[in-house]
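Here's the structure, in structure tokens; my notes come after.
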Amino acid sequence: MKRSIQRPTPGSLTFFSSSMASPKKKLQGLVAATITPMTEHGEINFSVIGQYVDYLVEEQGVKNIFVNGTTGEGLSLSVSERRQVAEAWVAKGRNKLDQVVIHVGALSLKDSQELAQHAAEIGADGIAVIAPFFLKPWNKDALINFLKEVAAAAPTLPFYYYHIPALTGVKIRAEELLDGIQDKIPTFQGLKFSDTDLLDFGQCVDQNRQQQFAFLFGVDEQLLSALVMGATGAVVPITTWEKRQTRCWRLSNERTSLQP
């Protein structure tokens, strides 16, 4: 079935060139991995995004979001659709959300650069990128070169690497990638770690404490273990969480933060 797009109505979305939150504010705590709402006919349902924002803020107390990632099926959308989804979340989140991070990873470098530049233009607070997974980077330097080119398209935005080897098939360890990464990508601010290799994650944290990176964990079943190891936040599909689970995570985070 050919999918059409329910486009936002003219004048319904307002964009700003500046980011939504102070660039000095660290991305941490719970970050909602948003779904992309669809109608029963496969159209993107922009009309419910405002309600979605209100649900996250008022019902879950979550004010940071990760758009067009795995949960949002970003790589199953066209570039045009991804741009429109990003625009809707930024516009509807204005003065309600603290940070909107847009995943701009794609198989094509040009597509990633276009999405990164667009994210900066509409006032997103950061961008994230997965490794290209068809013609895969064969080593750390090849991957960093790809990431560097994308980050350069949005030089004012914090940049996050989205590590998800189970889906990309790129087995370059995150700990290896982070070594000296800010020398190549000055805007690099952290890592979304969606892998079950806790040894790799722990080494990322231990070897980069002075950099004050954001270490966002993305495997629900291992969240508490990651928190003990030094995770500064979690990117999770909040729609699948109940409010009491959100409170439990925050309580665990507060208790762990008090440990010497």
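Just the heavy atoms: all of them, side chains too, but no hydrogens, waters or symmetry mates, feed the values below. Every value quoted in this text rests on a predicted model; they were computed, and no experiment measured them.
A search for side chain to side chain contact (heavy atoms under 4.5 Å, CB included) contacts involving V79 returns R83, D111, E114, L115, not counting sequence neighbours. Looking at residues two or more places apart in sequence or on another chain, you find a ring pair (Phe, Tyr, Trp, His ring centres under 6.0 Å) between F201 and F193, F217. Considering only residues two or more places apart in sequence or on other chains, Y162 meets the ring pair (Phe, Tyr, Trp, His ring centres under 6.0 Å) condition with F66, H103. Scanning for side-chain hydrogen bond (donor to acceptor under 3.5 Å, both in side chains) contacts around T36 gives an empty result, with sequence neighbours left out. With sequence neighbours left out, Q28 forms a side-chain hydrogen bond (donor to acceptor under 3.5 Å, both in side chains) with no residue at all. Taking the side chain to side chain contact (heavy atoms under 4.5 Å, CB included) definition, one finds that A214 meets it with K26, Y160, L216, T232, sequence neighbours left out. Judged as a side chain to side chain contact (heavy atoms under 4.5 Å, CB included), and not counting sequence neighbours, the contacts of T196 are V219, Q222.
Residue L75 comes nearest to A106 through the heavy atom pair CD2-CA, 3.9 Å, listed as atom of the first residue, atom of the second, then distance. Considering all non-hydrogen atoms of both residues, A120 and A154 come closest at CB-CB, 4.1 Å. For A234 against L223, the heavy-atom pair with the smallest separation is CB-CD2, 3.4 Å. Of all heavy-atom pairs spanning T34 and V67, the tightest one is OG1-CA, 3.6 Å. Across all non-hydrogen atoms, the minimal contact from I102 to A124 is CG1-CB, 3.7 Å. In this structure, F215 and G230 approach most closely via the heavy-atom pair CB-O, 4.4 Å.
Under the 4.5 Å side-chain heavy-atom criterion for grouping Ile, Leu, Val, Met, Phe, Trp and Tyr, W89 is connected to V236 within one hydrophobic cluster. Tracing side-chain contacts under 4.5 Å through hydrophobic residues (I, L, V, M, F, W, Y), one never reaches L147 starting from I130; they form parts of separate clusters. Linking ILVMFWY side-chain heavy atoms closer than 4.5 Å, directly or via other members, places V101 and I49 in two distinct hydrophobic clusters. One hydrophobic cluster holds both V129 and I122 under the rule that ILVMFWY side chains link at heavy-atom gaps under 4.5 Å. No path of Ile, Leu, Val, Met, Phe, Trp and Tyr side chains, each step under 4.5 Å between heavy atoms, connects M38 with V48, placing them in separate hydrophobic clusters.
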* To do: Take I65 and L97 through the side chain to side chain contact (heavy atoms under 4.5 Å, CB included) test and state the conclusion after the steps.
  => CA-CA 8 Å; I65 62 172; L97 297 172; 3.6 Å; yes
Exercise. Going through the checks in order, is the side chain to side chain contact (heavy atoms under 4.5 Å, CB included) test met by L30 and Q60?
Worked result: CA-CA 10 Å; L30 285 174; Q60 295 288 355; over 6 Å; no
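Rounding to the nearest 0.5 Å gives a distance of 9.0 Å between OG of S194 and CG of D220. Between the OG1 atom in T70 and the CD1 atom in I164 there is a gap of 4.0 Å [rounded to 0.5 Å]. Here the CG-CG distance, from L27 to D98, works out to 10.0 Å after rounding to the nearest 0.5 Å. With values rounded to the nearest 0.5 angstrom, L167 atom CG is found 10.0 Å from D195 atom CG. Note that CZ of R94 and NZ of K92 are 12.5 Å apart. Values are rounded to the nearest 0.5 Å. With rounding to the nearest 0.5 Å, the separation of CD in Q84 from CD1 in I44 is 6.5 Å.
At least one donor-acceptor pair under 3.5 Å links the side chain of E81 to the backbone N or O of S78. Without hydrogens or angle criteria, N64 side chain to Q99 main chain gives a donor-acceptor distance under 3.5 Å. A donor-acceptor pair under 3.5 Å is formed between the side chain of D125 and the backbone N or O of V100. Formation of a donor-acceptor pair under 3.5 Å by the N68 side chain with backbone atoms of R82 is found in this model. Although no hydrogens or angles enter the test, the distance criterion places no donor-acceptor pair under 3.5 Å between the side chain of T71 and the main chain of I35.
In this structure, E73 places its CD atom where only 12 or fewer heavy-atom neighbours from other residues, nucleotides or ligands lie under 6.0 Å away.
Taking the side chain as every heavy atom from C-beta outward, S225 and L198 approach each other to under 4.5 Å. For the pair M229 and V205, the minimum side-chain heavy-atom distance is 4.5 Å or more. At least one side-chain heavy atom of V150 sits under 4.5 Å from a side-chain heavy atom of L109. The side-chain heavy atoms of C204 and L191, taken from C-beta on, include a pair separated by under 4.5 Å.
Hydrophobic cluster membership for L199: none, as no Ile, Leu, Val, Met, Phe, Trp or Tyr side chain comes under 4.5 Å of it.
Ion pairing of D54 with K96 is present here, as a side-chain N (NZ or NE/NH1/NH2) and a carboxylate O approach within less than 4.0 Å.
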Going by atom type alone, with no hydrogens or angles, which donor-acceptor pairs under 3.5 Å involve a side-chain atom of residues 169-185 and a protein atom two or more places apart or on another chain?
unit_1	atom_1	unit_2	atom_2	d
R173	NH1	D197	OD2	3.2
R173	NH2	Q203	OE1	2.5
Q182	NE2	F188	O	2.8

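Within the structure, side-chain hydrogen bond (donor to acceptor under 3.5 Å, both in side chains) pairs that include any residue of residues 139-152 do not occur (at least two apart or interchain). Here ring pair (Phe, Tyr, Trp, His ring centres under 6.0 Å) pairs that include residues 114-150, with residues two or more places apart or in two chains, number zero.
Under the 30°/60° scheme for interplanar angles, the aromatic rings of Y52 and Y55 are found to be tilted.
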